[in-house]
Amino acid sequence: MDKGLRIVLVETSHPGNIGAAARAMKTMCLSRLVLVNPVEFPHADASARASGAVDVLEQAEVVRTLDEALAGCALIAGTSARQRGLGPPVLSPRECMQRLHAEAAKGQEVALLFGRERTGLTNEELARCHILVNIPSNPDYSSLNIAAAVQVLGYESMLARGAVPAAGESEEIPATAEEMEKLYEHIESAALETGFLDPANPKHLMRRVRRLFNRARPDQNEVHILRGLLSALQNPKPPRRKV
Ligand code: SAH
């Protein structure tokens with residue numbers, strides 16, 4: 001959805017916030033930025049805060065009216081720092097980004113609107129939206145910096161696109177049960193050969209070793225390393241000299 005979703009910033013006052021929003025977008029694989037009547041843009045502060053995301057700023061479209069910003073959009077979501085009574089339904093960030101993503105996946109253009117730093121989006125602007133999204137926050141201080149709001153919703157858009165690899169998942173091929181059994185046999189024989197393990201009094205050594213490796217879930221490469229090390233310890237060669 002990165003191309004199908006446009007991030008629309010309405011009448012942003014501080015150019016630094018535009019830059020920070022561009023940076024937040026790029027970290028979340030979003031690239032299409034539309035600026036409605038920015039107070040100061042382009043500006044050195046915007047470029048400075050964008051850091052490595054100046055390409056997003058350079059490609060940003062600057063338009064005069066919200067109508068121009070929303071041209072061609074089939075689904076429009078507006079952000080709101082407050083829970084509003086009347087008006088479009090208010091969704092959670094997750095639900096909102098899933099809705100936008102589902103629509104973008106059908107090839108439709110979709111937009112996510114962010115308001116002015118001081119006053120947010122006007123009632124007329126909110127009325128243009130099909131759905132609203134509120135980021136849950138401190139009821140006594142609910143207003144995030146605009147770039148922080150872009151970051152949170154950008155992150156949800158990454159999740160909605162399924163673009164996030166599961167945390168901590170290794171690319172390596174995990175060792176199979178057979179490979180693990182061979183490793184345990186190898187450890188046990190090395191432990192016996194070296195006298196570390198007394199066959200008359202094995203205690204729970206191998207059970208503990210198994211527990212350790214089951215926690216670690218080594219991959220094939222790691223098992224190869226351990227077995228190579230055990231073999232080398234069992235058949236020591238003279239050490240190689242450092243050159
Ligand atoms: N007093 C304004 C605050 C504007 S904060 C208001 O009540 O709307 C500037 C912009 O940041 C908002 O228009 C919105 O786009 C975004 N924003 C800030 N906090 C947010 C929140 N909790 N949920 C969703 N968007 C938020």
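All ligand and atom numbering here is 1-based and tracks the order in the structure.
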Task: Ile146-ligand 1 polar pair, N/O distance under 3.5 Å - done: no
- [ ] Count the heavy atoms of every other residue, nucleotide or ligand shown that sit under 6.0 Å from CZ of Arg99, and state whether that count exceeds 12.
- [x] no
Task: Winner among Ser80, Ser143, Ser137 once heavy atoms are compared against atom 24 (C) of ligand 1 - done: Ser80
Task: Set of residues satisfying salt bridge (charged side-chain N to carboxylate O under 4.0 Å, His left out) with respect to Arg94, sequence neighbours excluded - done: Glu156
Task: Numbering as shown, the atoms of ligand 1 that approach Gly115 to under 4.0 Å (heavy-atom distance) - done: 10 (C), 12 (C), 13 (O), 15 (O)
Task: Criterion side chain to side chain donor-acceptor pair (under 3.5 Å) on His101 and Arg161, from CA distance to verdict - done: CA-CA 7 Å; His101 171 64; Arg161 273 175 285 155; 5.4 Å; no
Task: Winner among Glu125, Arg116, Arg82 once heavy atoms are compared against atom 6 (C) of ligand 1 - done: Arg82
Task: Least distance between heavy atoms, Tyr155 atom then Met28 atom - done: CA-SD, 3.4 Å
TODO: Mark the output for Val133 as yes if a heavy-atom distance to ligand 1 is under 4.0 Å, and as no if none is.
DONE: yes
- [ ] Kindly give the heavy-atom pair with the smallest separation between Ser157 and Met97, and that separation in Å.
- [x] CB-CE, 3.5 Å
- [ ] Check each atom of ligand 1 against the heavy atoms of Arg118 and keep those under 4.0 Å away; list them by number with element.
- [x] 1 (N), 2 (C)
TODO: Using distance alone, decide if ligand 1 has a nitrogen or oxygen within less than 3.5 Å of any nitrogen or oxygen in Leu144.
DONE: yes
Task: Lys26 side-chain N/O to Gly52 backbone N/O, donor-acceptor pair under 3.5 Å - done: yes
Open item on the list: Show the atoms of ligand 1 that are less than 4.0 angstrom away from any heavy atom in Phe114.
Closed with: 15 (O)
TODO: Not counting sequence neighbours, which residues clear side chain to side chain contact (heavy atoms under 4.5 Å, CB included) with Val62? List them please.
DONE: Leu35, Pro38, Phe41
Open item on the list: Just to be sure I read this right, does ligand 1 sit under 4.0 Å from the backbone of Ala149, its side chain, both, or neither, counting only heavy atoms?
Closed with: side chain
Task: Arg23 atom CZ, neighbour heavy-atom count above 12 within 6.0 Å - done: no
Task: Heavy-atom proximity to atom 8 (O) of ligand 1, best of Ala148, Ala147, Ser13, Gly120 - done: Gly120
Task: Contact check: Asn145 vs ligand 1, nitrogen or oxygen atoms, below 3.5 angstrom - done: no
